[in-house]
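Data block below; observations after.
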Amino acid sequence: MGRVALSSLRARATTFGAYFLSVFCGAVLIGAFATLNSAGAGDVSDADAERLLTMGSIVGGWGSAIVLFSLASTLTLIVAQRTAETSLLRSVGATPKQVRRLVLTESTLVTLLAVVLAAGPAWLIGEAILALLRNAEMLADDVRGYGQPVALAITGVVITVVAYLAGRIATRRVTRASVRATQRSAAIEPQRMNRWRLAAGLLLIVGGVHLAVITMTVMADEPDPIAPMSTAGPAGVLTTIGIATLSPLLLRWAAAGFGWVLAPFGVSGHLALHDLRARAQVLGTALAPITIFTGISAGTAYLIAIDNQASLGQVRTPEAEDVQLLNFVVVGMIALFAAIMVVNTLAAAVSARRQEFGRQQLAGATRRQVQQMMLLEAGFLSGAGIVLGGIGALPMACSYSWVRQDSLVPDMGPWYFLAVAVIAAAVTIGASVSLTRKALAPPALTLAAVQAV
Amino acid sequence: MDAPALDVAGLSMTYGSGPGAVRALREVGLRLQRGTFTALMGPSGSGKSTFLNCAAGLERPVAGSITIGGRTLPTDEAEATLFRRERIGIVFQNLNLLPYLSARQNVELPLRLAGHQVPRDLARDLLDQVGLVDRVSSLPAEMSGGQQQRVAIARALVTRPDVLFADEPTGALDSRTARNVLGILRGAADRMGQTVVMVTHDPVAAAYADQVVFLADGRIAGQMVNPTPEAVASQMTHLDQLIPALSGAGA
């Protein structure tokens with residue numbers, strides 16, 4: 001199967017390119033902060049060691065959760081989109097085990113390649129963050145990187161194992177059913193969400209809300225005004241990831257409840273609405289990173305703004321400076337990662353729809369009408385992602401605002417959220433429009449004959 | 001009567017360039033009257049699908065003119081799309097329906113795309129004519145291959161096109177289902193006066209047509225009126241023997 005795996009990789013360059021990029025960026029993000037963690041184990045003072053360990057683990061926690069979630073959902077998307085092909089393989093005599101091995105061999109090859117290539121950039125970015133911290137005099141001048149190979153190797157192994165497990169879970173459904181059943185579901189998406197996914201999503205949301213309550217009760221009594229941040233942040237991250245986990249279900253509800261907004265847009269709106277309803281499972285995967293981007297960026301923006309306002313006129317401790325700078329770096333990197341994931345999942349989703357674009361044109365749609373449909377879908381997706389991300393950010397912003405400002409509603413108005421929303425919408429719509437334009441370049445007949453990849 | 005439904009003159013098509021170029025069509029001319037059902041036959045590589053794709057405005061020929069219902073097919077891609085959805089219906093072997101639209105919505109799609117009002121019962125009537133009145137709200141994946149193909153025909157008929165093109169419409173169907181689909185095409189020509197052009201390699205399918213046009217090596221190699229399966233099959237065998245001679249002459 002090794003050879004089949006290789007040539008199948010070649011045929012699927014776009015989709016796997018998207019997956020490669022997400023593994024690569026994720027590995028750089030986690031790896032860079034893992035080297036901070038390991039630097040703490042080097043020849044440094046106790047205070048520096050503790051600071052490095054805290055930074056490494058906070059970001060390790062936040063970042064890993066987001067990265068690993070994104071990888072798993074991208075891989076699930078890729079496998080789901082290959083149902084047509086895997087059922088073809090099955091029908092020519094491939095056993096479920098062979099198909100599973102083919103898919104897993106492919107994804108593991110790509111994962112390994114991305115992880116190995118990410119090691120260099122992760123090392124460099126880790127060094128850069130150390131230098132930043134040294135210059136800001138948050139670390140002693142003689143603190144240097146330490147143990148990077150081990151830290152990066154552990155990062156690589158963890159990512160590869162998680163990707164492998166995600167691939168196993170995703171392929172199980174495809175290979176368990178009969179050939180005919182998988183062919184049928186290649187045409188129509190399953191309308192129900194996996195029970196485990198539902199449970200995991202709800203658990204994450206409950207965990208996030210729980211942390212928010214802890215922030216408002218237990219942490220409020222901490223003498224250090226910065227301390228509540230250490231629970232308010234994860235409260236928002238967990239809630240946002242939980243909501244993102246449920247995104248296929250939530251998208252279906254959104255399409256059922258708010259689909260009427262597409263009605264005034266004529267036939268393009270009609271097509272967009274039916275597509276959103278029927279393909280909520282796959283499109284939900286594109287919705288998830290939009291939600292994460294909005295939730296994390298908006299939540300942290302308020303966290304920092306509230307902290308700034310509450311500390312006005314006070315002398316800031318060096319620890320507070322640390323947390324401040326760290327927040328900026330972390331949020332910047334995570335937001336960038338989420339933005340890349342938005343583009344990535346859209347690229348995979350658009351590439352899988354080329355056949356449909358062809359059929360639409362053969363039925364008489366102009367390229368413009370197809371583009372309008374995709375524009376409307378992207379608009380709807382970004383709207384849903386902005387609302388869901390906004391909800392995910394509430395436990396972070398509200399609990400911290402409660403502790404520092406005695407008010408559930410942060411004092412600074414909706415502007416931070418609106419700014420994040422504009423960026424989210426611009427990235428989603430811009431990426432979708434340009435990807436669609438590129439996908440529509442070949443003649444309709446060629447597109448219609450494209451195997452659903 | 002008025003202008004012919006399809007008038008093709010000097011149609012040439014070449015794939016690639018230089019010494020490796022393949023001449024798929026060599027100055028083909030064909031004129032079909034309204035309400036006729038024509039089968040286009042020929043061995044693999046004879047150019048029959050290329051002819052259909054060019055005539056239906058899906059591919060741009062190197063040379064030649066195509067007139068449909070008295071109007072010239074535009075060469076600009078955007079204009080050709082508009083022309084196609086108003087005046088041409090197309091049915092393929094299996095590239096037809098949108099998976100997330102019901103049978104009825106699929107049938108109505110060309111009208112909606114063209115921005116027309118969709119008459120309330122039009123799709124239902126058409127689905128009734130192809131024997132699918134009970135599958136109006138079914139999704140394609142819930143229907144058999146033959147049923148999907150009948151929905152595709154209903155959709156191709158919804159704009160009352162000047163010509164309905166069908167490329168191996170029964171290629172993926174068993175013989176009983178195929179007969180049913182061919183009967184529907186025959187009926188469209190007889191009852192609705194619909195002009196039908198069908199590419200096929202099956203002599204039995206070709207025998208449903210009023211006339212058969214044979215293509216070989218990118219040229220028209222013969223014509224047969226009121227075909228029978230036996231006569232078509234024997235002509236096809238003859239064509240297969242003719243091919244080497246023709247390509248020798250063309251080289």
Side-chain angles (χ1 to χ4, degrees), chain A residues 83-84 180-191 255 265-283 352-373 377 440-452, chain B residues 49-50 52-54 56-60 76-102 104-118 138-145 148 151-152 155-156 158-159 161 165 167:
Chain A
T83 314
R180 182 65 190 117
T182 52
Q183 277 170 348
R184 263 200 302 273
S185 64
I188 311 185
E189 289 297 316
Q191 288 295 316
F265 295 99
V267 67
S268 302
H270 165 80
L271 287 173
L273 177 59
H274 281 283
D275 184 55
L276 282 168
R277 273 193 199 142
R279 249 200 293 235
Q281 203 73 24
V282 164
L283 291 173
R353 293 180 63 175
R354 284 173 295 168
Q355 189 190 49
E356 177 198 332
F357 293 161
R359 289 185 179 202
Q360 282 165 345
Q361 290 185 70
L362 291 183
T366 58
R367 290 199 168 116
R368 210 185 147 80
Q369 282 173 320
V370 177
Q371 276 165 350
Q372 272 168 4
M373 176 193 79
E377 275 186 35
L440 282 173
L445 203 56
T446 317
L447 285 177
V450 167
Q451 268 290 321
Chain B
S49 284
T50 306
L52 182 134
N53 290 340
C54 288
L58 296 169
E59 216 161 0
R60 215 159 305 149
D76 175 72
E77 177 58 34
E79 282 176 45
T81 306
L82 299 182
F83 187 92
R84 213 162 57 218
R85 75 180 177 200
E86 301 277 350
R87 314 181 74 93
I88 298 174
I90 311 171
V91 177
F92 287 99
Q93 185 172 330
N94 51 14
L95 313 171
N96 291 296
L97 304 179
L98 292 181
Y100 49 80
L101 296 183
S102 68
R104 179 206 195 107
Q105 288 167 334
N106 260 295
V107 171
E108 289 173 347
L109 186 59
L111 288 179
R112 285 177 183 269
L113 286 168
H116 294 317
Q117 278 292 325
V118 182
S138 301
L139 291 171
E142 297 161 354
M143 290 184 271
S144 70
Q148 291 185 36
V151 175
R155 188 176 71 183
V158 76
T159 56
F165 291 101
D167 191 355

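Letters A, B, ... are given to chains in the order of the sequence lines, protein chains preceding strands, and every chain is numbered from 1. Note that the structure is predicted; figures quoted are calculated from it, not measured.
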Worksheet item: With distance as the sole test, does A:R359 use its side chain to make a donor-acceptor pair with the main-chain N or O of A:A448 at under 3.5 Å?
Response: no
Item to complete: List for me each residue that meets salt bridge (charged side-chain N to carboxylate O under 4.0 Å, His left out) alongside A:R368, sequence neighbours excluded, and say none if there are none.
Response: none
Worksheet, complete the sentence: Under 4.5 Å to a heavy atom of chain A? For B:N53 that would be side chain
Practice prompt. Sort A:E356 into side chain, backbone, both or neither according to what part of it lies under 4.5 angstrom from a heavy atom of chain B.
Written response: both
Discussion item. What part of B:Q105 gets within 4.5 angstrom of chain A, counting heavy atoms only: side chain, backbone, both, or neither?
Written reply: side chain
Worksheet item: Do NZ/NE/NH1/NH2 and the carboxylate oxygens of A:E377 and A:R279 come within less than 4.0 Å?
Response: no
Worksheet item: Heavy-atom distance under 4.5 Å between the side chains of B:I90 and B:R84, does that happen here?
Response: yes
